[in-house]
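A quick write-up on the structure given underneath.
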Amino acid sequence: MRTQLTTYFARLFAGDLSAFGGPVTDEAVAGHIRAEQMALVLGYSVGIMLANACNALVLAIALWQSPDRIPALVWAAAVASAAIAFGLQSRAARRITKPQFVSRRTMHRLVRNAFVLGAAWGIVPVAFFTDASTGGQLVITCLCSGMLAGGALAFATIPIAAIAFTAPIFVGIAICLGRNGDLAFLLIAFLVVVYGSVLIRGVFVNSFSFARRVTQQIEAERTVRLDPLTHLPNRVAFNETLEAALKRLALSGEEFAVLLLDLDRFKEVNDKFGHPAGDEFLVQVASRLQRCTRAAEHVARIGGDEFALVMANLARPEDALEIAERFVAAFEEPFRIEGRQVVGATSVGIVLAPRDGTTPLDIMKNADAALYRAKKAGPGTIRFFEEADDRVSRDRKALQSDLEGAIARNELFLVFQPFLDLDQSRITGFEALLRWQHPERGLVPPSEFIPIAEETGLIHEIGEWVIRRACATVAKWPDEIRVAVNFSAAQFHNAGILQIIVQALSDAKIAPHRLEIEITESMLLSKYGSAEPVLNALLQLGVTVALDDFGTGFSSLTYLRKLPFSRIKVDQSFIRDMLVQPDCAAIVKSVVSLARDLDIGVVAEGVETADQLEYLRQINCDEVQGYLISRPVSADGVLALLETKKYRATFAA
């Protein structure tokens, strides 16, 4: 029973309308309602406090000839000073961004202050009415009535605060009028009770209506500002939080940090286990991330696998680093999804305001730059923004902008590196290698622009151009020569890729077997879930498929057994060391033997010496590729290379 009473009074003095039979809400909604109530009170407070000061001055003047002049002056000075001080404090508070949540303790202070102010006015009729002149009594009556009405207006949405303010005034009037048996005073007492009852009833009606309206508004805003999957704030809510933090920074100098997170293995989960598993992964990630933050802060989901947090009232940069480390540590334990264990990781970029920016655009741009550097360093990395990041980010964006028009400006071109058949000592095909001749930067390495193309989606347009150009070029070569084209992960999982290949072959009028698609083993490691049907479709079309960089992944034998490859390419790291490291030689020899047993062709990459070539010939490797055979040549150089008799004789057994 005592616990119930304690809980009831806690709700009562916190302004919770459920204590009066109003709508029941959870603490989050109640805190938001209190914030709206407090905002209205602060909106009225400057005017109300000014009225208090003026009323105190009027009372002092009215009682100037009274025997109670000195106590009245002291009272008026105290009330006027307190009113002015509170009014200035309220004015300063209104300039700061309105809080989204107000605690019960804050509301307790408001109710206490309302009672103190009401008690100050409740003293007036008790202390000064009897000895005042008729005019003074009239002023006291008007002032008390006015304060009743003003208090009801100021606390119109908070019944307990309205009661705390008006009750002492009612009691003071009752004591004053009870001392005098005059019928006129009894009538005044009756009118005060009637007016007071109407005012309090109006407060309750208004407050209940206000609470319902705010609750409905909260629910509507939740729909707009809440991510439906994870139930975290979405980008809209995050942007509002960021704007509020910047406003507080400008008004009060309150520094803050923004943490930007990106999941390092989300696409793996989606591609390997499907979108429902990906959704469940995001839900579990959201739950873990939210547990890492401070009580009043919320992680927001601002993109597919991107999350962000605004850390308000930042005391020192180490606080932001501590939260970021918690985020990273939250991924140490594997996730349990559909009966499987899934390993996740995140990278975090951190910006500090105002050091790293004072506008939303600057802050998010710099956070993205810091995150990019963190991701380049590897999963689970945290990086603060640095000036160098901004330069890298600008350079990268400029490169991206230039890449968007590279095809139209005819800046992309292909070079071709040959495959040499060791048994017949002849060239059997060429690998098409993409190059970009930038008008100002010169030759841009593929390692710089291909990742940008993949991230921005330009890889689809560029990849289609490469396929069409390669097919059109090979059409000019002898019929027995093939061309190999590298595929990126993004291309490989483009739903329209098969149609693009069919159209390119048709336009070039070449047989499908003359086109070879190369995919890397590292790509298959993260995309294995949907590889088999695409590869089978390519083989049915007649296109050959090669597994590039063989031996650098973790499940090569599984791929060879499950997926229909026509050819495998042994990574150049093994070829380079096979004559000096017995283990590399053993691996190369085993791969060649295994491929022969599986009826799969083998290409050795990176052949640079005659001794390497001779060893590969001895172990019956099918084809070789490398600088010893030829460096990449232009399309015009291909025909010249094929026609060189001296070239053929050089590599004859």
Side-chain angles (χ1 to χ4, degrees), residues 13 41 44-87 110-156 158-204:
F13 290 109
V41 170
Y44 289 125
S45 60
V46 175
I48 294 294
M49 291 304 106
L50 182 61
N52 269 268
C54 291
N55 289 348
L57 179 62
V58 168
L59 181 66
I61 295 172
L63 298 179
W64 187 257
Q65 301 298 327
S66 168
D68 300 321
R69 179 179 62 184
I70 300 301
L73 287 175
V74 173
W75 177 93
V79 170
S81 300
I84 292 172
F86 186 76
L110 176 67
V111 174
R112 180 196 63 198
N113 293 339
F115 176 78
V116 170
L117 185 59
W121 281 101
I123 291 172
V124 171
V126 176
F128 306 125
F129 189 87
T130 302
D131 295 331
S133 64
T134 303
Q137 291 178 343
L138 180 61
V139 169
I140 291 173
T141 302
C142 291
L143 288 178
C144 288
S145 300
M147 293 310 299
L148 285 174
L153 173 65
F155 303 112
I158 314 174
I160 186 61
I163 293 172
F165 179 81
T166 58
I169 301 177
F170 273 120
V171 171
I173 293 174
I175 293 174
C176 169
L177 298 179
R179 293 175 180 173
N180 196 316
D182 193 314
L183 179 61
F185 288 114
L186 293 176
L187 290 174
I188 291 174
F190 174 74
L191 290 175
V192 169
V193 170
V194 172
Y195 292 158
S197 301
V198 172
L199 286 173
I200 295 301
R201 183 180 182 279
V203 167
F204 276 98

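Here the structure is a predicted model, which is why all the values come from computation and not from measurement.
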Checking Arg112 against Leu117 for the side-chain contact (heavy atoms from CB on, under 4.5 Å) test, could you report, in this order, the C-alpha distance in whole Å, the side-chain angles of both residues, the deciding distance, and whether it holds? CA-CA 9 Å; Arg112 180 196 63 198; Leu117 185 59; over 6 Å; no

The criterion is side-chain contact (heavy atoms from CB on, under 4.5 Å); which residues satisfy it with Ala62, sequence neighbours excluded? Val139

Scanning both residues in full, the closest heavy-atom pair of Val79 with Ala120 reads CG2-CB, 4.2 Å

Shortest non-hydrogen separation from Ala60 to Ala76 and the atoms involved: CB-CB, 3.9 Å

Which is it for Val124 and Leu143 under the side-chain contact (heavy atoms from CB on, under 4.5 Å) test, yes or no, and what are the steps along the way? CA-CA 9 Å; Val124 171; Leu143 288 178; over 6 Å; no

Just verifying a value: how many Å separate Trp75 CH2 and Ile123 CD1, rounded to the nearest 0.5 Å? 8.5 Å

Return each pair, listed once, that meets side chain to side chain donor-acceptor pair (under 3.5 Å) where at least one residue sits in residues 54-73; pairs must be two or more places apart or across chains. none

Of all residues at least two apart in sequence or in a different chain, which pass the side-chain contact (heavy atoms from CB on, under 4.5 Å) check with Ala51? none

Hits for side-chain contact (heavy atoms from CB on, under 4.5 Å) against Ala82, two or more places apart or cross-chain, chain-then-number order -> none

In the structure I gave you, are the side-chain heavy atoms of Leu63 and Leu59 within less than 4.5 Å of one another anywhere? yes

dist Ile163:CD1 -> Phe170:CZ (nearest 0.5 Å) comes out at 10.5 Å

Closest heavy-atom pair and its distance - Pro125, Gly122: CD-O, 3.4 Å

Sorted by first residue and then second, give each side chain to side chain donor-acceptor pair (under 3.5 Å) pair with at least one member in residues 115-124; sequence neighbours left out. Asn52-Trp121

Heavy-atom count around Phe115 CZ within 6.0 Å, excluding the residue itself: above 12? no

Applying side-chain contact (heavy atoms from CB on, under 4.5 Å) to Ala162 and not counting sequence neighbours gives Phe155, Val203

So which pairs with a foot in residues 159-173 pass side chain to side chain donor-acceptor pair (under 3.5 Å), sequence neighbours left out? none

